[in-house]
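Worksheet for the structure shown next.
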Amino acid sequence: MDRPSLADLQAFATVARLRSFRRAAGELHVSPSALSHTLRSLETRLGVRLLNRTTRSVSPTEAGQRLLARLAPTLQELDDALDEINSFRDSPVGTLRLNVPRAAAEYVLAPLASRFLRENPGMRLEIVIDDSLIDIVAAGFDAGVRFGERLAQDMIAVPFGPAQRFVVVASPAYLAEHGKPAAPQQLSAHRCIRIRFPNGSIYRWEFSRGDEKIEVEVEGPLDVGEMWLMVRAAEDGVGLAYVYEQSAASALAAGRLVTVLDDWRPPEPGFFLYYPSRRLVPAGLRAFIDLLQKTAES
């Protein structure tokens, strides 16, 4: 026996509940003749009469009553499930999971998170700090944040936040003892504080001036995984550090650190929120994107 489709069972339940082909056809948005054909085909496949019909009335048989009794709760659960899904489409509810590097979370997302939750009380925001390059879809994230040049080609990217600048910093005491590098090539003669990514790789310092671009593989006595540790070590005179300007702002303002190689600062476009598709974007992610764009305009 071929199993009947959900649509066929829904058609039977509607006719049996309303005791009328005409009214059931109106509710299901089909013609009475098409609905009658569907029910006859269903009964033929099942080999059981489900409805007693006369020219004036329709009523379920005993078999039809038993089937309706079992179907009704299941169909109601399906309706409830679809209503719940509709709430995700029509209004921001549920959980938005973001995978972001620590710098983006600290400098850009932190002030936006509270505003997003105030404006969307039905949402829960989950921010996972991760400096590694992962597959956000495979890991179950709705979106991620990265610099533009690190985005996969098939991702939709939305720029947000101010441009981020990197600087090379050192303590005045270190520079008094070791001298100030005048070009990136001179970094080989200096002690450098390196940042190690979660996958074990060491970041190569990037510089640009005009059309000239240079990547330098530096050496030094200290490898760390956190930028604040780099700043602290530089303040303590351990060596040169290549960091976000914002992460060293207070130390620079107080004179505990100074910048070098200022004319080699590479331009950075800032952060991008990225996600896998423009089609049927969840309402929560759409609301977050709208907030990013409103913030950029203000």
(request) Taking Y275 for its side chain and V158 for its backbone only, find out whether a donor-acceptor pair lies under 3.5 Å. (result)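 Not a single qualifying donor-acceptor pair exists.
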
(message) Keeping T38 on the side-chain end and D8 on the backbone end, is there a donor-acceptor pair under 3.5 Å?
(response)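 It does not hold such a pair.
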
Salt-bridge contact [X]-[Y] (side-chain N to carboxylate O under 4.0 Å):
X	Y	result
R286	D290	yes
E62	R66	yes
D130	R102	no

(message) Taking side-chain contact (heavy atoms from CB on, under 4.5 Å) as the criterion, tell me which of D131, I127, V128 meets it with V100.
(response)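 For V100, the side-chain contact (heavy atoms from CB on, under 4.5 Å) test succeeds with only one of D131, I127, V128, which is I127.
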
(request) Sorted by first residue and then second, give each salt bridge (Lys or Arg N to Asp or Glu O under 4.0 Å) pair with at least one member in residues 183-199; sequence neighbours left out. (result)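 For residues 183-199, and leaving out neighbouring residues, the salt bridge (Lys or Arg N to Asp or Glu O under 4.0 Å) pairs sorted by first residue read R194-E219, R194-D223, R196-D223.
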
(message) For a quick check under 3.5 Å, do R70 and T74 share a side-chain donor-acceptor pair by atom type?
(response)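 The criterion, which ignores hydrogens and geometry beyond distance, is not satisfied for T74 and R70.
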
(message) Restricting to non-hydrogen atoms, name the atom on W205 and the atom on L240 that form the minimum distance, rounded to 0.1 Å.
(response)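 What the structure gives for the nearest pair is CH2-O, 3.6 Å.
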
(message) For A233 versus L222, what's the shortest heavy-atom pair and its separation?
(response)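 Smallest heavy-atom distance, with atoms named: CB-CD2, 3.6 Å.
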
(message) Please determine whether the number of non-hydrogen atoms from other residues, nucleotides or ligands lying under 6.0 Å from atom CZ of R232 exceeds 12.
(response)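 Incorrect, the count does not exceed 12.
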
(request) Please say whether more than 12 non-hydrogen atoms of neighbouring residues, nucleotides or ligands are located less than 6.0 Å from CD in Q185. (result)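 Buried by this count: over 12 neighbours within 6.0 Å.
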
(message) Does the plane of the ring in F271 sit parallel, tilted or perpendicular to the ring in Y244? Use 30° and 60° as the thresholds.
(response)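 Taking Y244 first and then F271, their aromatic rings sit tilted (interplane angle of 30° to 60°).
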
